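Structure first, commentary second.
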Amino acid sequence: MKRIIIIGASSGMGMRVAADFARMGWRVGVAARRIGLLRELAAEYPGHMECMELDVTAADAAARLNRLIDLTGGMDIMLYAAGCGWYNPGLDPADDDRTVAVNVAGFTRICDAAYSYYRRTRLPGRIAAITSVAGTRGLGVSATYSASKRYQWTYLQALGQLARIDGVEVGITDIRPGFVRTALLARFARPLPLEMSVDSVAPRIESALLRGRRVAVIDSRWAILTALWRLIPRRLWQRLPVTFRDS
């Protein structure tokens with residue numbers, strides 16, 4: 001039986017992917033801060049799901065991940081689905097600090113622990129993360145968020161190179177969705193441009209994991225749009241009034 005560990009599975013894309021893999025017959029280890037929601041989810045899939053209370057910003061996050069791996073019986077895939085922040089045009093320091101804590105420090109802490117597991121055991125596996133198309137260019141209304149996603153892109157790329165250097169059989173998957181209607185977008189009463197539902201995005205995430213994709217931009221519209229973003233000269237990009245109304 002294959003085994004997947006999902007960090008940030010108490011809601012949104014992480015929860016949906018966890019449920020889908022359990023229905024596919026996988027052993028699923030789920031982790032998040034909200035243990036009550038995880039227990040409710042696990043109760044729906046007896047024999048297929050283990051849960052662990054885990055805060056990626058806490059010093060014991062790596063130890064808790066390793067305990068969850070033991071409970072699940074191993075780890076063929078680790079998916080980092082935790083995320084924080086997004087819209088902060090006022091540059092609120094508390095919002096930015098939390099975004100960095102989850103998307104940079106927490107992300108690194110968990111990915112380091114996952115890689116260390118594969119390096120120690122010499123078992124094949126995959127480290128994956130749900131990042132964002134926001135890493136393509138710096139977005140003024142989401143400065144810290146877009147910078148944190150670019151960090152994740154670069155870190156995953158570097159980790160793949162390190163695996164080759166170390167001779168560790170670890171694949172890397174960077175999943176980059178556009179706008180998805182989750183709690184991160186709850187402040188927006190109206191749909192954002194090219195917004196997608198969790199129901200439409202989750203199968204694409206699962207396909208990227210099962211096929212071992214290195215980078216998966218979700219969906220094709222966002223792949224085209226971000227390709228165009230890259231072509232815009234820096235001076236012109238800085239003049240673009242990219243903004244969104246939250247009401």
Side-chain angles (χ1 to χ4, degrees), residues 1-54 56 61 64-65 68-69 71-84 86 102-103 106-107 110-111 113-114 125-134 149 152-153 156 170-186 195-219 222:
M1 184 181 292
K2 292 288 188 178
R3 297 142 303 183
I4 183 170
I5 302 293
I6 302 176
I7 309 300
S10 61
S11 65
M13 292 179 282
M15 176 179 277
R16 169 61 189 273
V17 171
D20 286 349
F21 270 94
R23 284 191 286 266
M24 283 187 268
W26 285 52
R27 285 275 290 169
V28 182
V30 291
R33 291 181 298 120
R34 295 178 290 180
I35 187 64
L37 293 174
L38 295 181
R39 287 174 178 155
E40 291 176 8
L41 178 64
E44 297 180 23
Y45 304 97
H48 282 279
M49 196 172 290
E50 300 289 343
C51 57
M52 175 68 62
E53 184 176 3
L54 187 155
V56 300
R64 285 180 175 271
L65 171 60
L68 181 58
I69 293 171
L71 286 172
T72 308
M75 181 172 69
D76 296 294
I77 299 174
M78 190 286 290
L79 174 63
Y80 191 89
C84 185
W86 190 72
V102 174
N103 294 359
F107 165 84
I110 293 299
C111 289
R126 179 163 299 277
I127 293 173
I130 299 175
T131 65
S132 172
V133 297
K149 292 303 176 179
Q152 292 178 350
W153 290 15
L156 291 171
V170 175
I172 302 295
T173 296
D174 181 350
I175 300 165
R176 304 173 181 176
F179 294 134
V180 183
R181 178 53 65 165
T182 64
L184 287 181
L185 300 187
E195 185 178 295
M196 301 171 288
S197 69
V198 170
D199 287 343
S200 67
V201 170
R204 291 175 169 87
I205 293 173
E206 293 149 17
S207 175
L209 295 174
L210 294 172
R211 294 171 58 193
R213 294 277 302 277
R214 173 60 188 84
V215 175
V217 179
I218 302 173
D219 57 8
W222 281 101

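For clarity, every value in this text was computed on a predicted model and none was experimentally measured.
Both tests do not hold together for R176 against W222: distance to the six-membered ring centre under 6.0 Å, angle to the ring axis within 45°.
Here the shortest heavy-atom pairing between M1 and H48 reads CE-CE1, 4.2 Å. In terms of heavy atoms, S10 sits closest to R34 at OG-NH2, 3.2 Å. The nearest pair of heavy atoms linking D219 to R204 is CB-NE, 4.0 Å. The shortest non-hydrogen separation linking C51 to R39 is SG-CG, 3.8 Å. Contact detail for L41 and A9: the closest heavy-atom pair is CD2-O, 3.9 Å. The nearest pair of heavy atoms linking L54 to L65 is CD1-N, 3.7 Å.
The structure places CG of L156 at 10.0 Å from CD1 of I175, a figure rounded to the nearest 0.5 Å. Atom CG of L209 is separated from atom CD1 of I77 by 5.0 Å, given to the nearest 0.5 angstrom. Taken from CZ in R16 to CD1 in I205, the straight-line distance is 9.5 Å, to the nearest 0.5 Å. Put simply, CG on D174 and OG1 on T131 are 3.5 Å apart, with the number rounded to the nearest 0.5 Å. Within the model, atoms OG of S207 and CD1 of I218 stand 9.0 Å from one another, a figure rounded to the nearest 0.5 Å. Remark: M196 CE to M13 CE distance equals 8.0 Å, nearest 0.5 Å.
Side chain of R27 to main chain of G47: a donor-acceptor pair is present (N/O by atom type, distance under 3.5 Å, no hydrogens or angles). Listed for the N103 side chain is a donor-acceptor partner under 3.5 Å among the backbone atoms of C84. For the pair W26 (side chain) and A18 (backbone), a donor-acceptor distance under 3.5 Å is absent. Of the possible polar contacts, one joining the T173 side chain to the R213 backbone as a donor-acceptor pair under 3.5 Å is found. Here the side chain of D76 pairs a donor or acceptor atom with the backbone of R3 at under 3.5 angstrom.
S11 is not listed as a side-chain neighbour of L37, based on a closest heavy-atom distance of 4.5 Å or more. Here the side chains of I110 and M78 are in contact, with some heavy-atom distance below 4.5 Å.
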Requested in this report: Assess whether side-chain contact (heavy atoms from CB on, under 4.5 Å) is satisfied between V180 and V198, documenting all intermediate values.
Outcome: CA-CA 6 Å; V180 183; V198 170; 4.0 Å; yes
